[in-house]
Amino acid sequence: MPNGSGGPSCQRALCRQRELRRISPSHPRTNFNGRRARIMAEVWTMIIEMRTYKIKPGKRSQFLDIFGSKSVPAHTEIGMKISGPFLSVEDPDTFFFMRGFPDIASREPMKAKFYEGELWKRELENILMPMIEKYEVVVVEVPEEQVHWSWAHDMHEERVRPGGVDIAALRALLDELAELGRQHDARETEHSRRMLNVTPETGQFLAMLVRATRAAQILEIGTSNGYSTIWLAWAARDTGGHVTTLERSPDKAAMARANLQRAGLADRVTVREGTALDTLARLDGPYDLIFLDADRPNYLAYLGRILPRLRPGGLLVADNVVSHAGELREFLHALQNDPGLDTVILPVGNGEALTYKKP
Ligand SMILES: C[S@@+](CC[C@H](N)C(=O)[O-])C[C@H]1O[C@@H](n2cnc3c(N)ncnc32)[C@H](O)[C@@H]1O
């Protein structure tokens, strides 16, 4: 969270509420984790920042998940108190929380400890700041007993759906994997070790197809760490379906299993390790939807194994047909010239070929 009092919209002089009249200023006592607090009208007081945030559209839940799990414990450890989140009933992207300090003198040093610490500098600043559209801070001094301090980790946004999948957590996991995949692939020079995840838009597209066509038997060729698999499995939960996904690399298959576990979707997916052409030969089908996202030189060979396993009326989606159009020319030619198939090329993500197997 930004260090400061809210920028020009919240000048220090304006933000500070008029100090309450101190009845007994000469009687400092010890309170609030052993620190000195002033007495006003025989009541312990403390300094509270009322921090209102407007988060970029659709990101509030993710922001609060990260803030609740990482930032709140770090604040508490330093001795600050946190209460919230309080969600706006008028604006789905706005919330506020309260941050408490024993007195005005400890406010800046405590904040500095957090904002100059490893957690903020190395991790949270880069993730949370880009999600904030604007924020405002009002600083007040109030009787300590007036505030109930607690952070409700699970009171935001969409609830856990019957069946046990926490949608907010799932969205956060998908965002996290997309970001980690991007960062990892930018660093990794060896192609086979890259995650090469589909774009979030493609993930969403796949999930829409599964839900809209009520696809139940789903096959994926090319699992990687399970990013696209999670999108498919999430939708398969809603259709009562199951995903079989094929991956050659044991390391990636292990990552996918761990990520599916985190997503709460492991029971919806079978990860099959091995060379996909071999594994395919042992699968019966029929599948309602097949997603092809593996080694491109074999796409044409896959077609011979995929089509007999796709049910009439089923869909085949192939990734990268725009980004690697030259490499996939023969494959696309085969799809577009098969009288039993209808194929369109869609500008979604890296370019998806959507093929319908005519009944
Ligand atoms: C583009 S990535 C898949 C990305 C994944 N669909 C996602 O969006 O998260 C391709 C994956 O196919 C795997 N792969 C490549 N050749 C394969 C083969 N012959 N058999 C099985 N998997 C293979 C790679 O190890 C890699 O993880």
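Note that ligands are numbered from 1 as they come in the structure, with each ligand's atoms numbered from 1 the same way. On a predicted model such as this, the values are computed, not experimentally measured, just so you know.
Atoms of ligand 1 found under 4.0 Å from any heavy atom of A294 (numbered from 1 in listed order, with element): 10 (C), 12 (O). Counting atoms of ligand 1 from 1 in the listed order, those under 4.0 Å from a heavy atom of Y302 are 18 (C), 19 (N), 20 (N). Close approach to V198 involves these atoms of ligand 1, each under 4.0 Å from a residue heavy atom: 7 (C), 8 (O). Near Y227, with a cut-off below 4.0 Å to any heavy atom, the atoms of ligand 1 are 9 (O). Of all atoms in ligand 1, numbered sequentially from 1 with element shown, those under 4.0 Å from a heavy atom of S228 are 5 (C), 6 (N), 7 (C), 8 (O), 9 (O). Ligand 1 places these atoms under 4.0 Å from at least one heavy atom of T275: 19 (N), 20 (N).
Heavy-atom distances between W231 and ligand 1 stay at or above 4.0 Å for every pair. For the pair M195 and ligand 1, a heavy-atom separation below 4.0 Å is found. In this structure, G274 is part of the shell of residues with a heavy atom less than 4.0 angstrom from ligand 1. The shortest separation from a heavy atom of T223 to ligand 1 is under 4.0 Å, placing the residue in contact.
The cationic group of R211 lies under 6.0 Å from the six-membered ring centre of W234 and within 45° of the ring axis, placing it in a cation-pi geometry.
Summary of contacts: the protein heavy atom closest to atom 21 (C) of ligand 1 is R248 N, 3.3 Å. Protein heavy atom closest to atom 20 (N) of ligand 1, with residue, atom name and distance, is A276 N, 2.8 Å. Nearest non-hydrogen protein atom to atom 24 (C) of ligand 1 is E247 OE2, 3.4 Å. Closest to atom 19 (N) of ligand 1, if we only count protein heavy atoms, is D295 OD2, 3.1 Å. Looking from atom 9 (O) of ligand 1 to the surrounding protein, the closest heavy atom is N197 ND2, 2.8 Å. Among protein heavy atoms, atom 10 (C) of ligand 1 sits closest to D293 O, 3.1 Å. For atom 12 (O) of ligand 1, the closest heavy atom belonging to the protein is G222 CA, 3.5 Å.
By the criterion of a heavy-atom distance under 4.0 Å, the side chain of K252, and not its backbone, is placed next to ligand 1.
Shown here is E77, whose CD atom has no more than 12 heavy atoms of other residues, nucleotides or ligands within 6.0 Å. Within 6.0 Å of the NZ atom in K113, the count of heavy atoms belonging to other residues, nucleotides or ligands does not exceed 12. Remark: K134 NZ is loosely packed, at most 12 non-hydrogen atoms of other residues, nucleotides or ligands lying under 6.0 Å away. More than 12 heavy atoms of other residues, nucleotides or ligands shown are found within 6.0 angstrom of CD on E190.
Close N/O approach between N298 and ligand 1 is not found [any backbone or side-chain N/O within under 3.5 Å]. Ligand 1 has no N or O atom lying under 3.5 Å from any N or O atom of S249, backbone or side chain. The distance criterion of under 3.5 Å between nitrogen or oxygen atoms is not met by S192 with respect to ligand 1. Not a single N or O atom of F291, backbone or side chain, sits closer than 3.5 Å to an N or O atom of ligand 1.
Residues S88 and T94 bring no donor and acceptor atom of their side chains to less than 3.5 Å of each other. A donor-acceptor contact closer than 3.5 angstrom is absent between the side chains of E247 and S224.
F291 and V322 fall into different hydrophobic clusters, where Ile, Leu, Val, Met, Phe, Trp and Tyr are joined by side-chain heavy atoms under 4.5 Å apart, directly or via other members.
Between W120 and Y115, the ring planes lie perpendicular to each other; the angle is over 60°, past the 30° to 60° tilted range. Between H75 and F97, the ring planes are perpendicular. Angles over 60° get that label, and only those under 30° would be called parallel.
The CH2 atom of W231 lies 12.0 Å from the CG atom of L265; values are rounded to the nearest 0.5 Å.
The two atoms that bring A256 and T223 nearest to each other are CB-CG2, 3.7 Å, heavy atoms only.
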> Where do F331 and Y302 land on the ring pair (Phe, Tyr, Trp, His ring centres under 6.0 Å) test, with the steps shown first?
Replying inline: CA-CA 10 Å; F331 168 76; Y302 284 129; 9.1 Å; no
